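Residue numbering restarts at 1 for every chain, and letters A, B, ... go by the order of the sequence lines. Keep in mind it's a predicted model, so treat the numbers as computed, not measured.
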Number of protein chains: 2
Amino acid sequence: MNAHAMQPFTVRATPCADGANLVEISPGLRLQGFVMTFEENEEVFGEEEPADFVYKVVSGVCRTTRLLRDGRRQVSAFQLPGDVFGLERGVTHRRSAEAVSPCDVALVRSSVLRRAMDRDALAANQVWALTAAELERTEEHLLLLGRKTAAERVGSFLLSLSQRCGSFRTLDLPMSRSDIADHLGLTIETVSRTMSLFVRQGAIGLESARCVVLKHRDALTDPS
Amino acid sequence: MNAHAMQPFTVRATPCADGANLVEISPGLRLQGFVMTFEENEEVFGEEEPADFVYKVVSGVCRTTRLLRDGRRQVSAFQLPGDVFGLERGVTHRRSAEAVSPCDVALVRSSVLRRAMDRDALAANQVWALTAAELERTEEHLLLLGRKTAAERVGSFLLSLSQRCGSFRTLDLPMSRSDIADHLGLTIETVSRTMSLFVRQGAIGLESARCVVLKHRDALTDPS
DNA sequence: CGTCCCCTTGAGTTATTTCAACACTCGTGG
DNA sequence: CCACGAGTGTTGAAATAACTCAAGGGGACG
């Protein structure tokens with residue numbers, strides 16, 4: 001189901017918190033937009049759909065995914081509050097995006113952003129920096145998928161998520177084992193076993209399946 | 001060995017073919033620069049080195065790589081003639097680059113490019129498009145590394161290289177099995193075995209280890 | 001209280017790696 | 001001209017990391 005198709009009918013757009021419907025794409029680049037709410041696992045946009053909007057997570061967590069025909073799935077990245085996603089070079093989205101948890105997402109029309117970029121070199125440079133940062137994260141993830149073991153993948157994932165969340169001790173995982181597995185190129189069983197291994201080693205504690213206590217960060221650190 | 005350190009001493013800079021030392025970073029964005037020649041396996045720049053230059057392949061092939069401390073290596077991408085690489089958001093390179101084959105590479109000072117981007121929205125947008133295209137290719141590669149089998153990886157690689165080269169029947173591989181393996185997250189033995197499998201299946205022919213004849217593209221196509 | 005979904009754990013399987021040996025190519029030097 | 005050695009690629013056999021299949025546990029929610 002395409003969330004956009006519903007937009008004119010389900011009036012879920014609301015003004016942005018920071019004033020007159022303005023969305024801050026990057027520091028100093030505010031554009032007209034609106035906020036939509038998505039529930040868990042609801043699609044934000046689909047592969048091959050027109051890329052009419054650019055998105056920024058206000059609250060909650062999203063994921064961008066690619067599928068093979070036989071159903072194998074790769075979760076390219078998780079988007080945390082503040083992250084921008086769905087910005088494309090062409091006219092269609094090349095992957096789909098869904099809400100991992102209930103989400104508020106700010107939308108800005110791609111055409112509005114494009115116009116700002118065409119007019120204003122500063123805006124264009126800020127958007128470039130966003131894309132370049134995303135490229136950096138993606139290349140880091142290439143190394144993880146290409147050359148790290150299951151334990152290193154899970155360890156790297158927990159550390160990087162805790163850094164992005166700013167939570168240094170207790171880490172609440174918003175996503176399922178299945179999401180983690182498809183992000184790390186593993187199966188849910190391997191993710192689960194690896195977590196259990198870390199618990200046995202005393203590297204982490206599991207208050208619940210979704211609540212991790214980081215006890216010895218060094219034990220999770222890999223030889224990067 | 002750092003190629004830049006040598007630059008003042010080994011005068012390898014030569015004027016660009018297209019006139020007054022101008023390097024075409026993208027269509028319509030020409031900046032002052034110069035050309036350097038690298039021999040096979042010579043380092044173009046190293047991880048953590050100052051990112052003083054941006055590079056564009058004139059002839060030959062380069063690779064960008066990341067290393068883990070224990071020597072495991074991930075080849076992020078191969079750069080073919082016309083490809084731009086080494087453009088960073090920060091002040092240092094986050095991976096190293098080496099020549100896969102003897103190369104002519106055009107260099108433009110990062111500061112020169114930055115100035116053009118700051119001054120000129122069109123330039124900034126063209127550079128954004130370059131980075132966004134690189135991100136697209138990198139995300140495609142995520143799917144390969146995360147979810148494809150060895151045969152699918154090698155098949156995808158051969159097809160994508162042939163498309164980039166514009167060579168639809170005979171494909172000359174400029175890189176070693178080791179480079180291919182580290183790009184595809186496999187070992188050299190698995191790459192070799194997979195190629196042999198394709199030969200036995202009649203999907204390709206191997207005139208030599210580095211010269212592939214694509215016989216049945218369909219047999220290499222994966223369920224993407 | 002039952003049901004569903006998510007997660008965990010165990011046992012057996014398999015794709016890929018590891019280790020080892022051998023073949024081929026190419027340049028050098030006898 | 002051929003022998004030699006180094007680098008690169010191929011192939012086989014054994015080992016293993018991760019997967020698959022299957023069963024059971026636990027929490028949330030009606």
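As a whole-Å value, the separation of A/Leu184 CG from D/dA17 C1' is 16 Å. Counting to the nearest Å, the P atom of C/dC7 and the CG atom of A/Asp179 are 9 Å from each other. In this structure, the CZ atom of A/Arg177 is 13 Å from the C1' atom of D/dG26, given to the nearest Å. Put simply, CG on A/Leu145 is 13 Å from P on D/dA18, counting in whole angstrom units. Distance A/Glu40 CD to D/dA28 P: 13 Å, rounded to the nearest Å. When rounded to the nearest whole Å, the span between CZ of A/Arg147 and P of C/dT16 equals 13 Å. Counting to the nearest Å, the C1' atom of C/dC24 and the CG atom of B/Leu206 are 13 Å from each other. A straight line from CG of A/Asn41 to P of C/dC5 spans 12 Å, rounded to a whole angstrom.
Looking only at side-chain heavy atoms (C-beta outward), B/Arg94 and A/Glu136 come within less than 4.5 Å of each other. Here the side chains of A/Asp52 and A/Leu107 are not in contact, with every heavy-atom distance at 4.5 Å or above.
Close to C/dC7, at under 4.0 Å from its OP1 or OP2, lies a side-chain N or O of A/Arg210.
Within the structure, every pair that satisfies the side-chain hydrogen bond (donor to acceptor under 3.5 Å, both in side chains) test and touches residues 209-224 of chain A, not counting sequence neighbours, is listed here: A/Lys148-A/Asp222, A/Ser156-A/Asp222, A/Ser162-A/Arg217, A/Asp222-A/Ser224.
The two residues B/Ala99 and B/Arg63 have their closest heavy-atom pair at O-NH1, 4.2 Å. Taking every heavy atom of both residues into account, A/His141 and B/Leu142 meet most closely at CD2-CD2, 3.8 Å.
Residues A/Phe53 and A/Phe45 place their aromatic rings such that the two centres sit no closer than 6.0 Å.
For DNA chain D, none of the residues of residues 68-77 of chain B falls under the heavy-atom distance limit of 4.0 Å. Sorted by residue number, the members of residues 185-198 of chain A with any non-hydrogen atom under 4.0 Å from DNA chain C read A/Glu189, A/Ser192, A/Arg193, A/Ser196.
Between the side chain of A/Arg147 and the backbone N or O of B/Leu186, at least one donor-acceptor pair lies under 3.5 Å. Judged by distance alone, with hydrogens and angles left aside, the side-chain atoms of A/His183 form a donor-acceptor pair with the main-chain N or O of A/Val75 at under 3.5 Å.
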Between B/Thr190 and B/Thr187, is the side chain to side chain donor-acceptor pair (under 3.5 Å) condition met? List the steps. CA-CA 5 Å; B/Thr190 299; B/Thr187 58; 3.0 Å; yes
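In this structure, A/Ser208 reaches neither bases nor backbone, as no heavy-atom distance under 4.0 Å exists between it and the strands shown.
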